[in-house]
Amino acid sequence: MSELERTSDRTPAMPAWEYAPAPESKNVVRLRDRYELFIGGRFVEPKNGRYLPTIDPSSEEVLAEVAEAGAEDVDLAVTAARDAWTSAWRGLPGAERAKYLYRIARALQERAREFAVLESMNGGKPIKESRDVDIPLAASHFFYYAGWADKLDYAFPGRRPGPIGVAGQVIPWNFPLLMAAWKLAPALATGNTSVLKPAETTPLTALLLAEVIQEAELPEGVVNIVTGAAETGAALVNAEVDKVAFTGSTEVGKQIQRTLAGTGKRLTLELGGKAANIVFDDAPLDQAVEGVVNGIFFNQGHVCCAGSRLLVQEPIFEPLLEKLKARLQTLRVGAPLDKNTDIGAINSEAQLRKIEELVAAGVEEGAEIYQPACDLPARGFWFRPTLFTGVSQSHRIAQEEIFGPVLSILTFRTPEEAVEKANNTPYGLSAGVWTEKGSRILWMAQRMEAGVVWANTFNRFDPASPFGGYKESGFGREGGLQGLEPYLELDGAR
Ligand code: NDP
């Protein structure tokens, strides 16, 4: 038995008090055996004839096979986007563009259940999250940016905002539909066309969105979706696009930045994070515990802004830890489609191995692990919610993005020390502060090197609010008025 397994079994399970199964039906989803590329308004076969399987990570069952676009397909998609831009989209008045965005938003609402079930099947996330967070937020992004489409002159008074051209957009697997919405809605609202590359493991909701786009009768080629793996993403970055928008790992983000240097293509990067969630001794503890749990276990911790480093003020360390451990025992890990599930499947085997490696490094480096005893399904990719105490700042689990349900807990004495520890990371995407003093919230927020600082809450998103990073978490903002800017020439349309 490994050291990890031995230490995991120390805490007995809570007395059995089981929820009855409450599975959401899969019948609402109609899977095809095979999915093609969406280019120029049509579903077309890839030129190379290659397809990749896509699975349900909770069962490892193959759901479908999906086209793998090669460079030739990517070029066709970019040409379709360019033609659509010059012949149709660029010249359309903002109010007309808005009509299409409203149509997409309404269709997402009408088909919300279908999208939510498919998202959970393909990505492993709990249905209550895809149903209550991912899909409604995706729809609200389209609604929100539809509202800006005819008001760009007012958004940037005294300037002459106009579109850039064709955007190449590469998205990750943690919020597949939502990230597609974050990319497409501002690009289309501002008069650009797009070629979107979903992640290899989670292409299905983007392809369902392609159906919605067809039904909304967007001019052909305004949105193109090229599925595939890393090579497809690289081909898109290298293609004749005017702007690249990327969300994913810092490593690939740096690679893209190097590739684009000197090309004149515009670039925005939304990369990794290692957020500090800071709890002061005057915070309401039960509320803070809920925020900490939401901060790290939401979406299995596959969240770039996850509160993965908990900083606790020393006097409340023991009581907070006790409450946190008790709360962890009540988290239900299991079938993503069960409406009672809190923690679903890890998105892929590769991601599970990465989490296991970093957790093993935490144990090896001397941190103390805590995992509630809970049964994990026999098939699929799973990881128990995990806490580490006795973490020092130099530990890998305090430095590296784990992107899984793993929380590293550190302590601090003074606000100055909290700031120093919170900022001691190459990342700077988000942070959380828990205290009852408004003045302390402002004092902390001014000193956090983070794009977003949440106060007495965590992981709160709104399309009207800009989101993005400092330092190695990237640059450029998505959401809000600020999210329009990366898609605009502000001093004269091209
Ligand atoms: P990647 O950065 O590799 O993937 C993000 C997207 O970029 C995917 O669509 C991917 O395609 C594509 N891609 C991969 N390589 C290239 C390339 N050279 N040029 C252009 N596009 C490319 O993230 P991973 O999925 O590998 O995850 C690795 C780690 O990254 C995670 O463990 C996590 O720490 C972090 N991560 C952070 C995210 C965030 O939102 N900040 C999101 C996802 C991951 P494909 O998936 O098909 O390979």
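When a ligand or atom number is given, it counts from 1 through the structure's own listing order.
- Protein heavy atoms all stay at least 4.0 Å away from atom 26 (O) of ligand 1.
- At least one heavy atom of F246 sits closer than 4.0 Å to an atom of ligand 1.
- Summary of contacts: the protein heavy atom closest to atom 1 (P) of ligand 1 is S249 OG, 3.6 Å.
- The shortest contact between atom 24 (P) of ligand 1 and any protein heavy atom is with W173 NE1, 3.7 Å.
- Applying salt bridge (charged side-chain N to carboxylate O under 4.0 Å, His left out) to R34 and the options E68, E65, E45 leaves one that passes, E65.
- Distance check for atom 7 (O) of ligand 1: a protein heavy atom is found below 4.0 Å.
- Annotation: side chain of L177 is in contact with side chain of L108 (closest heavy-atom distance under 4.5 Å).
- Relative orientation of the W173 and H302 rings is perpendicular, given thresholds of 30° and 60° on the angle between their planes.
- If you look at L271 next to ligand 1, the close heavy atoms, those under 4.0 Å, all belong to the backbone.
- Among T247, T227, T232, T250, the residue whose heavy atom sits closest to atom 5 (C) of ligand 1 is T247.
- Atoms of ligand 1 found under 4.0 Å from any heavy atom of A234, numbered from 1 in the order shown, are 19 (N), 20 (C), 21 (N).
- Around atom CD of E60, more than 12 heavy atoms belonging to other residues, nucleotides or ligands sit under 6.0 Å away.
- Residues T54 and N122 bring a donor and an acceptor atom of their side chains to less than 3.5 Å of each other.
- With no hydrogens or angles considered, a side-chain donor-acceptor pair links S194 and Q169 at under 3.5 Å.
- At a heavy-atom cutoff of 4.0 Å, ligand 1 is contacted by the side chain of Q351 but not by its backbone.
- Distance from atom 15 (N) of ligand 1 to its nearest protein heavy atom, with residue and atom name: A230 CB, 3.4 Å.
- For the salt bridge (charged side-chain N to carboxylate O under 4.0 Å, His left out) criterion with D342, the lone passing option out of K125, K128, R384, R327 is K128.
- Of all the atoms in ligand 1, the ones that sit under 4.0 Å from a non-hydrogen atom of G233 are 19 (N), 20 (C), 21 (N).
- At least one side-chain heavy atom of S308 sits under 4.5 Å from a side-chain heavy atom of I296.
- When the heavy-atom distances from atom 18 (N) of ligand 1 to H302, E251, Q255 are ranked, the shortest goes to Q255.
- The closest side-chain donor-acceptor pair between T247 and K183 falls under 3.5 angstrom.
- Not less than 6.0 angstrom separates the ring centroid of W182 from the ring centroid of F175.
- Using 4.0 Å as the threshold, G228 has a heavy atom nearer than that to some atom of ligand 1.
- Ligand-side atoms of ligand 1 in range of A199: 9 (O), 46 (O), 47 (O), range being under 4.0 angstrom from any heavy atom.
- Of all protein heavy atoms, the one lying nearest to atom 16 (C) of ligand 1 is V252 CG1, 3.4 Å.
- Counting the atoms of ligand 1 from 1 in the order shown, those under 4.0 Å from a heavy atom of V170 are 6 (C), 7 (O), 9 (O), 12 (C), 21 (N).
- Looking at atom 10 (C) of ligand 1, its nearest protein heavy atom turns out to be K197 NZ, 3.9 Å.
- Atom 43 (C) of ligand 1 has as its closest protein heavy atom P172 CB, 3.5 Å.
- Remark: minimum distance from atom 36 (N) of ligand 1 to any protein heavy atom is reached at F403 CZ, 3.7 Å.
- By the 30° and 60° cut-offs, the orientation of the rings of W454 relative to F458 is tilted.
- Side-chain contact between L271 and F246 is present, with heavy atoms from C-beta onward closer than 4.5 Å.
- Atom 9 (O) of ligand 1 has as its closest protein heavy atom I171 O, 2.7 Å.
- Remark: the Y51 side chain and the E36 side chain contain an N/O donor-acceptor pair separated by less than 3.5 Å.
- Distances below 4.0 Å separate heavy atoms of E401 from the following atoms of ligand 1: 33 (C), 34 (O), 35 (C), 37 (C).
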